[in-house]
There are 2 protein chains.
Amino acid sequence: MKVLIIEDDPLHRSYLNEAIRAALPECDGVLEAENGNTGERLARDLRSSHIVMDLQMSQRNGIEAARTIWKERPETRILFWSNYSDEAYVRGVSRIVPAGAVYGYVLKSASDDRLKLALRSIFIESQCVIDREVRGMQQKSLGNVNGFTEAEYEILIDIALGLTDRAIAQRRNLSVRSVQNRLQQLYVKLGVYQPLGGQDDDGRFNLRARAVAVAFLRKLLNHSALERAEADLSAWLARQPRD
Amino acid sequence: MKVLIIEDDPLHRSYLNEAIRAALPECDGVLEAENGNTGERLARDLRSSHIVMDLQMSQRNGIEAARTIWKERPETRILFWSNYSDEAYVRGVSRIVPAGAVYGYVLKSASDDRLKLALRSIFIESQCVIDREVRGMQQKSLGNVNGFTEAEYEILIDIALGLTDRAIAQRRNLSVRSVQNRLQQLYVKLGVYQPLGGQDDDGRFNLRARAVAVAFLRKLLNHSALERAEADLSAWLARQPRD
DNA sequence: TGGGACCTTGCGGGTTCCCGCAGAAAAGAT
DNA sequence: ATCTTTTCTGCGGGAACCCGCAAGGTCCCA
């Protein structure tokens with residue numbers, strides 16, 4: 001068994017390397033890649049099916065890399081080892097994990113033992129391991145207490161990208177009014193909606209822009225999510241005939 | 001001489017610790033804090049005037065911490081040791097460094113030697129050290145090729161927070177029309193302006209929201225900048241009498 | 001088979017945004 | 001002191017946004 005590390009911080013990389021050797025004596029080789037691109041290439045060339053990777057790398061982020069890796073070989077086992085449990089990341093990951101895949105998500109703040117345990121669980125015992133904090137995030141994200149529907153998330157991204165109502169309607173195959181409905185719904189959930197009576201900060205906020213701000217502050221959105229969305233968008237735009 | 005480390009990643013912390021001991025044999029003590037809050041407290045209690053800190057920590061970010069530390073003791077020497085050279089960070093730092101202060105900004109990707117050299121330069125020779133990449137950022141940011149005025153940056157933040165034109169006018173003591181002028185100017189600089197003829201993506205983008213998106217993608221804005229801005233905003237709102 | 005919950009769509013209108021035009025005011029330059 | 005350049009400001013109007021109201025649609029459950 002060989003393990004591939006994809007992580008851009010050299011310190012973390014060597015730490016991981018040691019941890020893997022210690023936790024998995026049956027492993028006969030550890031490879032390292034320092035960004036998503038070379039990681040993908042190595043995974044393809046060497047047919048690695050055991051990967052540990054960071055999300056948030058400068059060159060090409062972990063989610064992108066994982067997506068293409070899983071697309072080529074869905075049985076690959078991936079342990080995500082990340083600093084953050086931002087909703088944007090958690091959601092991003094759970095959107096790309098193939099049905100039945102074995103994977104893990106542990107935070108860098110977790111203890112040594114925890115990491116080693118996760119390594120064994122995933123790579124040896126074929127069992128998923130998701131940190132409790134991350135799982136909490138998932139619950140909140142998928143359950144509905146303070147949770148966002150796919151539709152709501154979608155429209156949040158669309159306004160974060162700066163699309164107009166009309167463009168969103170076109171993109172999502174809806175009428176303009178429906179788009180506005182979803183927006184209203186989003187505003188309510190984000191707590192930026194102003195129910196007419198409230199003279200408090202009335203008129204101070206542009207709801208559309210405010211919603212994006214709040215989403216960022218709550219880490220519903222982050223840089224890499226935006227980047228992905230922007231890439232999707234420009235692909236769609238290119239596909240769009242001149243109206 | 002004692003050195004205080006403020007850094008939330010334990011690996012990086014211990015690496016820093018070693019580097020400091022190696023580079024500064026004359027130093028007789030290294031202290032560690034794992035977030036901005038305890039860092040500030042330690043700095044105050046122990047009167048540390050030699051600090052190495054990360055920007056981007058979860059509890060309280062480096063810029064906040066540095067601001068209060070420098071407010072209390074402007075002669076403190078601070079070396080910022082960060083992963084990123086985002087314009088938002090660079091600008092954030094240069095906004096708070098007191099006149100004549102000795103400080104440094106080196107990237108975590110820099111070599112061992114580079115870090116040690118920076119430590120000696122700043123703490124022993126009282127000389128500022130700013131990584132070339134960061135300096136490049138500063139140039140771009142302060143010079144005006146693709147650079148943003150303070151005014152433009154200010155209004156960018158205001159719309160990113162979700163304020164309306166009217167609210168911005170109030171906050172910045174301008175007429176609404178002036179705010180809109182500045183917005184137009186910003187749109188031009190961000191390349192989102194649509195000069196009437198362009199039927200290309202005409203109407204696809206909401207300029208206001210698009211500007212924020214582009215700013216995020218270009219790292220003119222980032223999470224911690226938004227957080228700071230949000231804090232400033234709510235302070236201002238509290239100070240604002242009911243209109 | 002008839003509610004109930006939810007989503008979609010059209011209509012209408014009040015508000016905000018976007019911005020060309022043009023005059024006043026401020027800041028520099030010669 | 002005068003000229004230029006930049007910034008601020010009001011006016012006006014077209015477009016986009018925000019949203020209450022109300023009429024279908026769909027899906028599920030009893």
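Protein chains get the first letters and strands the later ones, always in sequence-line order, with residue 1 at the start of each.
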Side chain of [X] - closest among [options]:
| X | options | value |
| --- | --- | --- |
| A:Q184 | D:dG20, D:dC8, C:dC19 | D:dG20 |
| A:Y193 | D:dC8, D:dG20, C:dC18 | D:dG20 |
| A:R208 | C:dG20, D:dG20, D:dC18 | D:dC18 |
| B:R177 | D:dC18, C:dT9, D:dC11 | D:dC11 |
| A:N181 | C:dC7, C:dC18, C:dT9 | C:dT9 |

Worksheet item: Is the A:Y89-A:F80 ring centre distance short of 6.0 angstrom?
Response: no
Worksheet item: When rounded to the nearest 0.5 angstrom, what distance separates CZ in B:R208 from CG in A:N206?
Response: 5.0 Å
In whole angstrom, what separates [X]'s [atom1] from [N]'s [atom2]?
| X | N | atom1 | atom2 | result |
| --- | --- | --- | --- | --- |
| B:I168 | C:dC18 | CD1 | C1' | 13 Å |
| B:R182 | C:dC18 | CZ | P | 16 Å |
| A:Q185 | C:dT8 | CD | P | 8 Å |
| A:Q180 | C:dT15 | CD | P | 17 Å |
| A:I155 | D:dC17 | CD1 | P | 11 Å |
| B:L163 | C:dC17 | CG | C1' | 15 Å |
| B:L186 | C:dC18 | CG | P | 11 Å |

Worksheet, complete the sentence: Comparing A:V179 with B:T164, nearest DNA chain C nucleotide closer to 5' gives the residue A:V179
Got [X] and [Y] here, is their nearest side-chain heavy-atom distance under 4.5 Å?
| X | Y | result |
| --- | --- | --- |
| B:L233 | B:L163 | yes |
| B:I69 | B:I51 | yes |
| A:Y187 | A:V192 | yes |

Fill in: Contact under 4.0 Å: B:R166 side-chain N or O vs C:dC17 OP1/OP2
no
Item to complete: Let me know, please, whether B:N206 or B:L174 comes out on the 5' side of the other along DNA chain D by nearest nucleotide.
Response: B:L174
Practice prompt. Quick one: label A:S178 by what it contacts on the DNA or RNA (base, sugar-phosphate, nothing), any heavy atom closer than 4.0 Å.
Written response: base
